[in-house]
Structure formats: structure tokens, C-alpha cells
A.B. asks: 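This structure is in C-alpha cells; I'll ask about it shortly.
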Amino acid sequence: MGFTRPIALLLASLLVLVWWLHRTSKARPRIPLHAPFLLPERKGAKASGAAGRRDLLHLLVRMGIALALVLGAAGPWVRERGPARAVGVVPAGIDMALPYRGGTRFQAALDELAGRFEALSPGKALVLLAGPSPVAASSWTSWERAVDAARRAAPSMGPTRVTEAMREARRLAGDKGEVLLVRVGTEPLPDDVGLAGLWFVADRRRTNHGVIGMAVRNHGPAKAVKVKLDTLRGPLATVAVRLGDGEQAMVTVDYTGPGHTAVRARIVTPDPFPLDDEAWTAIPPLGPRRVTLLTRGNDELARAIRAIPRVELQMARELPDDPGVLVVVDRVQAHPRPGIPAVIIHRPTKPNGVPITMIEPRSRAPGLRALAGLVPETVAALPEVGPEDEIVATVGGRPALVRGPGRVHLAFDPGSAGLGGSPLHAALWDDLLDPLLLPPLDGCQRATPGDTTPIGPIAAPGFYRDGDGCYVANVPPDVFPEPRPSEVTERSPREGRDTPLTPWFFALALALLLVEPPVGRWAEGGTR
Amino acid sequence: MARKDDTLLTPSLIEILERLSMVDRSMLERAASPGSAGPPKAADLGIDFYEYGVYQPGLDVKHVDWTVYGRTGELLVKAYETHRDLPVCVLLDMSASMGLGEPPKFDLALRLAAAMAYVGLVNYHPVRVIGFAKGRLKVLPHRIGRESVYQVLDFVQALTPSGETSLVEGIAAGLEGAPRQGGRIFLVSDFLDPQGLSRPFGLLGTTRRRLDLVLVASGDEAELPTGEVTLVDPETGEETDRTIDEDTVRRYSENFEAHRRELRRRAHDIEARLVTVSSDMSVEEAVLEVLG
């Protein structure tokens, strides 16, 4: 039971006044009697105790009137009992860290959830934080403790995934539990403009040329947007884009330069949601790259390597003094110097009777998927796989492609194992050589805010570098969670209903008012 | 009810008290009255010759002093006075009803008790003072002589009226440990005992001591106001709302008068002397009424 106007309860002090008035109205001259035992009995009199009880009843009626009026004025209400269990789902993606009404969206959502919980009054509650994956803030406990536990958490750096969280919430709530979804400002802001993506494509024919592409999305009405591009070396360009209502546009900017840097795109038009206004990507070195192929003759392989953009191939039978940036060893005895990346094709020492088997690539890299089409007849025995090596593909359970730091070992020649003459052959070698051809900066891996990398957590879109490692983090692919609340809330929470009691108290006061006169006469009559 | 000694006994009162004694004059009166069996035997009371009385027809002729008759021709009978200890017991009702009245009955009762004790002490009689109410006894053991006056006065002035009346408890305490006969008992009370007068007077009738019943009355005792009032029993604190009409006033007055008649009758039955004093009397008047 609660009161909408508890301050009115202070009027309860008037009960003392009622008592005093009652006593005053009943006041009679007090006559001490020398010989009460000589007082004649009154006719039909009842015991004085009964008179006292009647007077007490009269007083209670009068005080009941006052009390009912006071309580009625205070606005009493009672709440129906809530469900046994309730799960509160609170979006906890990176967007929930945005400012909102003096705090953050996350805090506002928890405040809202606390109010919903209080109204629902569940027996036990749990708060599920809907980040990239749902996380329970606590075990089943009181709703106050559940909310407190959630307040100690922080929004995830990743996107909000409500659908998955709702699925988990329904599982936790069970058949008789309730699920509450609180959404505070998670919908796209009406005037928001954001970068949905940023990438760089090198020109395959021209050195020092490429294209920076970006997707600019407008969540609001049509407007002009300015995007500023900077590299690590300085400003690159500023692009003005006219976007229609809710339109997304692809914008490209030509890049001319040596590369070997990172580029940042930033929307400079004022925007209420700055999280998606910035994106980063890497630009590899765009000059020619000299590669040495040590072979006694493998034209197929030479063609595939020459097809890699900006690669200048030199062929030799022995390792030259200046092998360039990469050495490919094709079934010859050679030992490239440490520090020079190398791809080594091992020759099977003798036909070993390995059955014809499909290669099982473990990587999902597009070029490496071409390995699945290979049917090598024999594979060589590769050197022992070290702890830092990665087995990329196997044949009959034996390593067929092992990639390690600065080294790639092949137990067969893809060109003679089915890819010869195929465009996929060049793609395969592009994928194999690309990581080795890129200097450290160009090895920057793409990341999403919220990812944990060897160089630390990625907190926001940007360029991260620590020693030899670097990451370029773009905006989360889905800053704004989808679908909308109406689409995911299949079961609306049943809130505890507050039943106002004011009319009942006033009715009680009225009834007592009607009863008071006869009770008063009855009490008075009892004393005569 | 704090009271100083000099307010209990004023100089004028002391002057009166010094002239009084505890001699049981009634004995002499009885001895001198027609039909009397004569003065009490000296063996019983240890009396000495006190004075001559005029012979009245009906008196025992053996008490006639024939020597005097032979010398003067007058028939005189010998009167005697006690020379032994005459124990005096003052029983003072200190129930709450004694605190009523205007002035309070207890004021006069206290002074009377102090005065009677004073007279006993200065005449070298053992004096015992007992204040009583229901379940409450204040006993001052026997004291003798003038040097005990202040002890007695201190004791008396410390008494306060409260509690219910119980004449039986007071009388029983007064009779306890005292000789069955001889001495004098003063019972100062308003005799308004809800338990009635039968048992108290039954108990008083068992003693052969001189009984002086001092009824301290108040002028408003028998009166009742008319109208709606809250009647308060001062002894129990019980309150009763009543509407008092003329009939109730009349009946209450009748009950009160009947109670007084019963008191007089019972006192007469046990040959006790009943003296009525009003609370608005001066203490000197009251003392003379009781001891005069």
C-alpha cells in the first residue's frame, strides 16, 4: 500500500484534536462524593464500565471519521501482486554510452527499468544486458539488487543485439515469467548521418594510385553532408555529399600517393550522433614490389605472381644478393636469409602413394577457398609445424599448407595440382603472398569497436598501433540495433496495477458520519 | 499535608489541654447516678478517692461516707479516680474521604488526634496513635510523658488521607495487644465505611474500655448537586457519570440520615460515647466537645 500524497498524512496529528474535542464535549462537573456507597442505584442502570465502553466506541467512531478523511486525502492505493519472475532486457551496445538527459542512455534505460520493475513488483528479477551477446548482470534476486548489479556494468563496445537477448530472456523467464524490454534512445536519431563503411582499393595497373570508398548514410531528411579525409601524413580531401531522405550514398575519392598509411574519414557536418561519424581504413604501399622466384622453370607460377598488382618478378636459380621484398622457392635447395619473407614449395621426395584427396582449407579467405578445388596426387612432408605456425589446409590429414611468421610452406605445387591456367591460381598466390608483401603498417587488420586484440581492446573507431601490430577499427556494422522494439516484444509485460483506495476511505468516512449521531446519543443515554 | 507542630497545637489550645485529663469522669457520673452499682472496684481499676458526691436515691448506701454524715449531717458518697496507667489509644481514620469537606475533615481530625494524645501524654498515660485505612496502618507505639509530645506530633502530622475506609482494620489494630479493659479508645472518623458498621461495632463491643467515637462531619456530606455530573469516589478513584435529579438528592439524603441513625444506635448499643464535630468547628471547640 502506498500514498500518492503522503504529505497529507501529517494531518493525522489532528486525531489528537478530535480526542481533545471529544473529551471536552463530554466534560461534566466532577463532584467528589463522601459516601458513594450511599448513592441510590439508578433505575435500569448498567455498569459504569459499559458506559465507558460506549463512550470509547463513540470516540472511536469520531476518530475513525477523521482518520478516514486523512487517509483518503493522502491518496492511498494498493498494488496487485506481480509475477514470480521477470527479466529486464536493457540494450548495452556502444550506442548506449551516449549522453542522454544528464547521464547515458544506459543509465536512463536502467532507471526506466527500475520504474517498470517497481510497478510490476516481481518476486525475483534479473537484468539481461543486450550487447553483442546477452550477459546477465546477476543471478535471480530482488529487482532492486538486479538493477544495482546492472548499474555496476558498463555498455559493451560492440553493437546491441536485442533479438538474441530477447530469445535468451524468454528462455530464462520461462512460461510464467515476464520479459521487460527497455529501449532508451536506441532508435536512429532523426537527424543522424553516419559512415556505414570505408575502404581502399589499390589500382592494379598504376602504381601509387587507388580509390577510397565510403558509404554515407542519412537517417533523417535530405541534407548536405561534408566528409573530411585525412591520412597519417595530413589532410587528404573534403567531400560534399547531398543525401536524400533516408538515403545511403557511395562516395569515392581518388588517392594518389605512396600509400603505406591509414586514412580517416570524418563527417564534419554537425550531427547528434557522433559515434558513426568517423571511420578508418589502411592504405598499403602503392609502389612496385620486387619478388624473386627461385626455380628451374615454372612458367605457370611465374604468370600467377606477375598477376599480383605492382609486383616486379625476377627469376633465378640461386638466391641473388638483392632478392627484393619476397622470395618464392620452387623446389630448389635455397635458404633465404632471415628477415626476408619466403614462400617455399616442397617437392615430394618420392611418390608416396598418398591417395588422391581433396584439400581441406581451414581458412575462409576468398583466394584460399580455391584450394578446395585442388586434387593433389602427392604431397611432400613439411617441416615440423611450430607453435606459431598455422595449418591452412590438409590433405588426408597431413599438413599441406602451413603459414607462419614470414614463411609459407606448401607441400605441393598448386599450379600442377589442378589450378594451372585458372584465374584462381593467381588469386591463390595473391592471398598467399599479400600478407608477406605488406610491411607492418599494411598488415593492419580491420577491427570493430569492442573487439579484443593482441594489442588491447578496441574502444572506438580509429587507428591503433602498438609496436609491430596495428589495427584499423571501423564503425560497428550495426550501431543501431534492429529490429525495432515493437517487432521484438512479442509479450508485453504485465504491470502491477495500482488500485486507488481514496473513494473507499471517503465512503467509510461518510458512513461513519451517518452512524456517529445515533452512536453519540446511545453513548450519552447510557450515562443517565 | 505537611503541618507544623504549632499549627497542630496552638498556644491557646495547649492552654486548654493542660487543664484537661483523661480521667473517666463518666465512671464517676455513673457511680453517682441513680441505680448505679457504685464506683468501680479499686481492685479492678486501682482508683483513689477523688471527691465526694451528693447521695442520690438509688445509690448503694455502702459508698456513703458515714463519718462525714456524722460530722456534717450530709449524705455524701465517695468518688474515686484512677491512679494507675490509663492506656490511651487514638485511632485516626486516614481514608481518602476524610480529605473531603470544606475545610477538610482530616484537618480537624488531625488536630483532635494530636490534642487527645497531648492530654494523655502530659498526664503520664501510655498513648498509642494509629492511623488506618484499608490495607494501610501507621502505628505509633506507646509513648509516655511530655518528652514524647514532639514524637507524637511528628507522627501525626505525617499522616495523609488516602485509600479506602476500613474501620475493622483500624479497630482491630487498636484492640490488639491492649488490655481487654481499662484505658480509653478514641476513634476519630467519618464512619463512612462502604463495608458497613456491623462488623466494626461488633469488634468494638468486645472491649470493655471506654470508647469515644468522634464523628467528624462535613456540612456538604449529605448534599448532592443536581444536573449532569461526574461523581468521583475519592477512595477508589472510580468515576460515574450521573444525571442527578431531585429524587436522587432526596434518596441520597435519606440514605445518609439512615446511616447516621445506625451509627448512633450501634454506639448506644455498645455504650460508646458518640461525639459529632463539624469540620468547620474550631479545634478548641471540638476538643472541649470530646474531652470536656
Side-chain angles (χ1 to χ4, degrees), chain A residues 15-67 512-528, chain B residues 95-102 104-106 161 164-165 189-197 216-245 247-260 262-263 279:
Chain A
L15 291 178
V16 177
L17 179 63
V18 173
W19 174 81
W20 182 78
L21 288 173
H22 178 84
R23 296 287 299 177
T24 304
S25 67
K26 296 280 184 178
R28 300 159 175 250
R30 297 176 78 253
I31 307 296
L33 203 57
H34 292 254
F37 62 97
L38 297 178
L39 195 67
E41 290 290 326
R42 62 187 162 211
K43 298 171 182 176
K46 297 178 181 176
S48 60
R53 285 192 291 274
R54 285 192 295 273
D55 182 58
L56 177 62
L57 178 62
H58 190 202
L59 173 62
L60 289 177
V61 169
R62 286 178 163 179
M63 296 187 81
I65 294 170
L67 189 61
L512 289 174
L513 272 172
L514 295 174
V515 166
E516 193 271 343
V519 169
R521 284 194 296 273
W522 177 60
E524 291 287 329
T527 63
R528 293 167 194 249
Chain B
S95 63
S97 65
M98 291 291 286
L100 301 181
E102 191 58 44
K105 292 180 279 187
F106 199 66
E164 299 178 48
T165 303
S189 173
D190 57 7
F191 293 93
L192 296 175
D193 189 341
Q195 306 303 317
L197 300 175
V216 183
S218 171
D220 58 351
E221 281 178 324
E223 297 175 359
L224 273 182
T226 55
E228 294 186 352
V229 295
T230 298
L231 298 175
V232 182
D233 185 338
E235 299 191 348
T236 63
E238 184 178 349
E239 298 185 2
T240 308
D241 291 340
R242 289 285 292 264
T243 300
I244 306 296
D245 52 17
D247 181 58
T248 305
V249 172
R250 180 182 55 75
R251 286 195 291 154
Y252 179 71
S253 181
E254 289 174 356
N255 289 344
F256 205 90
E257 190 54 41
H259 181 269
R260 285 288 161 83
E262 180 187 2
L263 174 64
S279 66

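Sequence lines set the chain letters: A, B, ... in the order given, protein chains first and strands last, and positions in each chain run from 1. These numbers come from a predicted model, not from an experiment.
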A.B. asks: Between Leu33(A) and Leu224(B), does a side chain to side chain contact (heavy atoms under 4.5 Å, CB included) hold up when you go through it step by step?
C.D. replies: CA-CA 8 Å; Leu33(A) 203 57; Leu224(B) 273 182; 3.3 Å; yes

A.B. asks: What residue, out of Glu235(B), Glu254(B), His259(B), Met98(B), has the most heavy-atom pairs lying under 4.5 Å from chain A?
C.D. replies: His259(B)

A.B. asks: Could you state the interatomic distance from CZ (Phe37(A)) to CG (Leu192(B)), rounded to the nearest 0.5 Å?
C.D. replies: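 Output value for this atom pair is 5.0 Å.
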
A.B. asks: Given heavy-atom pairs under 4.5 angstrom as the criterion, report whether the side chain, backbone, both or neither of Pro225(B) touches chain A.
C.D. replies: side chain

A.B. asks: Identify which part of Asp193(B) has an atom lying under 4.5 Å from any heavy atom of chain A, answering side chain, backbone, both or neither.
C.D. replies: backbone

A.B. asks: Using 0.5 Å steps for rounding, measure from the CG atom of Leu38(A) to the CZ atom of Arg260(B).
C.D. replies: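 Reported to 0.5 Å precision, the distance equals 9.5 Å.
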
A.B. asks: List the residues meeting side chain to side chain donor-acceptor pair (under 3.5 Å) with Glu262(B), not counting sequence neighbours, and say none if there are none.
C.D. replies: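 Applying side chain to side chain donor-acceptor pair (under 3.5 Å) to Glu262(B) gives Arg266(B).
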
A.B. asks: In terms of heavy-atom proximity below 4.5 Å to chain A, should Ser95(B) be classed as side chain, backbone, both, or neither?
C.D. replies: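 The answer is neither part of Ser95(B).
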
A.B. asks: Ignoring hydrogens, what is the shortest heavy-atom contact between Leu231(B) and Leu39(A)? Give both atom names and the distance.
C.D. replies: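 Minimum heavy-atom separation between Leu231(B) and Leu39(A): CD1-CD2, 3.3 Å.
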
A.B. asks: Which residue out of Pro40(A), Pro36(A), Ala35(A), Pro32(A) racks up the most heavy-atom pairs below 4.5 Å with chain B?
C.D. replies: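 The option with the most such pairs is Pro40(A).
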
A.B. asks: List in chain and number order the residues that pass salt bridge (Lys or Arg N to Asp or Glu O under 4.0 Å) with Glu223(B), two or more places apart in sequence or in another chain; answer none if no residue qualifies.
C.D. replies: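 Residues passing salt bridge (Lys or Arg N to Asp or Glu O under 4.0 Å) with Glu223(B): none at all.
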
A.B. asks: Between Thr248(B), Ile244(B), Val229(B), Thr165(B), who has the most heavy-atom pairs with chain A when the cutoff is under 4.5 Å?
C.D. replies: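 Between Thr248(B), Ile244(B), Val229(B), Thr165(B), the count favours Val229(B).
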
